[in-house]
Amino acid sequence: MAPRNESLDAIKSRRNNTLNALVSSVPYIRWLGIGFDRRGDELTAVLPFDEKLIGNPMLPAIHGGVTAAFLEVTAIVELTWTAIWEDMEQGRIAPDAAVPESLPRLPKTIDFTVDYLRSGLPRDAYARARVVRSGRRYASVHVEAWQDQRQKLLAQATGHFLMPQDG
Amino acid sequence: MSEPSPEDELEQRRRIARQFIEVIPHARALGMRLDQLSAEGAEISLPWREDLVGDPRSGVIHGGVISALMDTCSGAAVMAHPTGARSTATIDLRIDYMRAATPGQTIRAKASCYHITRSVAFVRAWAMDDDESRPVASATGAFTVER
């Protein structure tokens, strides 16, 4: 844990800088336009609506592949964020998007199963992931995405990941 | 008025399925190209691009891009199936990532609809890079069939 009397600004900037470095270093996350809201260690992924995300122009609806990608990005960022939290708080790492070697190694997706529950409306989407189990080598993550109403899920997914090995 | 011949119907179905891909803004934004479409299934390719990279250390394309490709290719296979769906949507899709796609290489997806009922289509798909002997990913999905 961080020292109790550490300044609030120092704590917030360390956490925000780490999250920004993690997210901004991945080109595909930038291309999709995904951002992350942080409350303490809780992350909410935000996918602002854009024309290029449309899969069915007649309805219109967000592409099922976009929904899957949004869920997978949320799962990977949450898993990485959880894995580096302690090192970040202890000041052992300070990731910088401009310095590739400083960035945390990312988990590799083994499999990912998406359950489509509603058609994606042409508006912003949100997602939160929960690390159900994280061992030294494997992790299992559950993710939920919604739009207007938190209780009415757009989609949910479960994925298994291979954790990066040190060295 | 004469009845349309089976060939005309087949051609019409192909045209509808082809348009189905070409008018999808996300498929266009990712740079997908429909290479093959028949009653047997669909093939769609997607060239590597720097802005689709998921791991900045390796340059490997993000799994989400493969998901979008597999989902689109599977949907196209449903649309091209001879039983004639008017529209389709994904119910579920599972993707197994067998290895990282080689940076710089085009990814090609192949999908076929192996069983279809009145309301559900069951699809399998594969994704390959230049080394076709070792698939990058495989997928199985269930899709709605709107008639």
Side-chain angles (χ1 to χ4, degrees), chain A residues 21-22 24-32 34 50-76 97 100-101 103-120 122 155-162 164, chain B residues 19-32 44 46 48-75 86-100 109 136-144 146:
Chain A
L22 177 59
S24 69
S25 65
V26 179
Y28 182 61
I29 298 182
R30 289 201 307 266
W31 187 76
L32 281 176
I34 299 171
D50 188 279
E51 291 293 321
K52 76 176 175 192
L53 306 180
I54 291 177
N56 183 332
M58 303 303 285
L59 293 175
I62 288 179
H63 196 287
V66 170
T67 303
F70 180 46
L71 290 165
E72 193 175 330
V73 163
T74 306
I76 291 172
E101 304 77 48
L103 295 168
R105 286 173 199 278
L106 300 175
K108 290 191 168 70
T109 313
I110 299 168
D111 60 53
F112 203 72
T113 307
V114 183
D115 186 5
Y116 293 89
L117 303 168
R118 284 185 176 77
S119 142
Q156 61 179 353
T158 297
H160 296 95
F161 297 86
L162 191 60
Chain B
Q19 284 169 352
F20 171 79
I21 300 298
E22 285 167 0
V23 301
I24 300 173
H26 190 62
R28 277 211 315 272
L30 281 172
M32 289 187 203
I44 298 179
L46 192 157
W48 183 91
R49 241 169 53 195
E50 205 283 328
D51 53 4
L52 304 181
V53 164
D55 189 340
R57 282 174 183 263
S58 61
V60 171
I61 226 161
H62 197 280
V65 179
I66 313 259
S67 294
L69 177 62
M70 297 284 228
D71 186 66
T72 308
C73 197
S74 299
R86 271 194 307 109
S87 176
T88 184
T90 319
I91 297 171
D92 84 340
L93 190 71
R94 175 194 162 111
I95 301 190
D96 293 335
Y97 294 97
M98 279 112 79
R99 67 174 172 95
V136 165
S138 75
T140 64
F143 288 74
T144 66
E146 320 286 340

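A note on names: the letters A, B, ... follow the listed sequences, proteins ahead of strands, and every chain is numbered from 1.
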A.B. asks: Given side chains that start at C-beta, do those of B:Thr72 and B:Met32 come closer than 4.5 Å, heavy atoms only?
C.D. replies: yes
A.B. asks: In terms of heavy-atom proximity below 4.5 Å to chain B, should A:Pro104 be classed as side chain, backbone, both, or neither?
C.D. replies: backbone
A.B. asks: Side chain, backbone, both or neither: which part of B:Val65 has a non-hydrogen atom closer than 4.5 Å to chain A?
C.D. replies: both
A.B. asks: So what's closer than 4.5 Å to chain B heavy atoms on A:Ile110: side chain, backbone, both or neither?
C.D. replies: backbone
A.B. asks: Just do the side chain to side chain donor-acceptor pair (under 3.5 Å) check on B:Tyr97 and B:Ser67 with the steps written out, would you?
C.D. replies: CA-CA 10 Å; B:Tyr97 294 97; B:Ser67 294; 3.2 Å; yes
A.B. asks: Can you sort out the partners of B:Phe143 under ring-ring contact (aromatic ring centres under 6.0 Å, His included), two or more places apart, ordered by chain and number?
C.D. replies: none
A.B. asks: Any side-chain donor-acceptor pair under 3.5 Å between B:Glu146 and B:Thr88?
C.D. replies: no
A.B. asks: Between A:Leu106 and A:Pro164, is any pair of side-chain heavy atoms under 4.5 Å apart?
C.D. replies: no
A.B. asks: Quick check on B:Ile91 against chain A: is it the side chain, the backbone, both or neither that has a heavy atom closer than 4.5 Å?
C.D. replies: backbone
A.B. asks: Let me know if B:Leu30 has heavy atoms under 4.5 Å from chain A in its side chain, its backbone, both or neither.
C.D. replies: both
A.B. asks: State which residues pass side chain to side chain donor-acceptor pair (under 3.5 Å) with A:Arg118; sequence neighbours excluded, sorted by chain then number.
C.D. replies: none
A.B. asks: Take the angle between the ring planes of A:Phe161 and A:Phe112 and call it parallel below 30°, perpendicular above 60°, tilted in between.
C.D. replies: perpendicular
A.B. asks: Please rank A:Leu103, A:Ile29, A:Asp115 by heavy-atom pairs under 4.5 Å with chain B and give me the top one.
C.D. replies: A:Leu103
A.B. asks: Check whether A:Leu117 gets within reach of chain B through its side chain, its backbone, both or neither, counting any heavy atom under 4.5 Å.
C.D. replies: neither
A.B. asks: Hey, which of A:Gly65, A:Ala69, A:Pro27 has the most heavy atom pairs under 4.5 Å with chain B?
C.D. replies: A:Pro27
A.B. asks: Checking heavy atoms, do the side chain of A:Leu32, its backbone, both or neither come under 4.5 Å from chain B?
C.D. replies: side chain
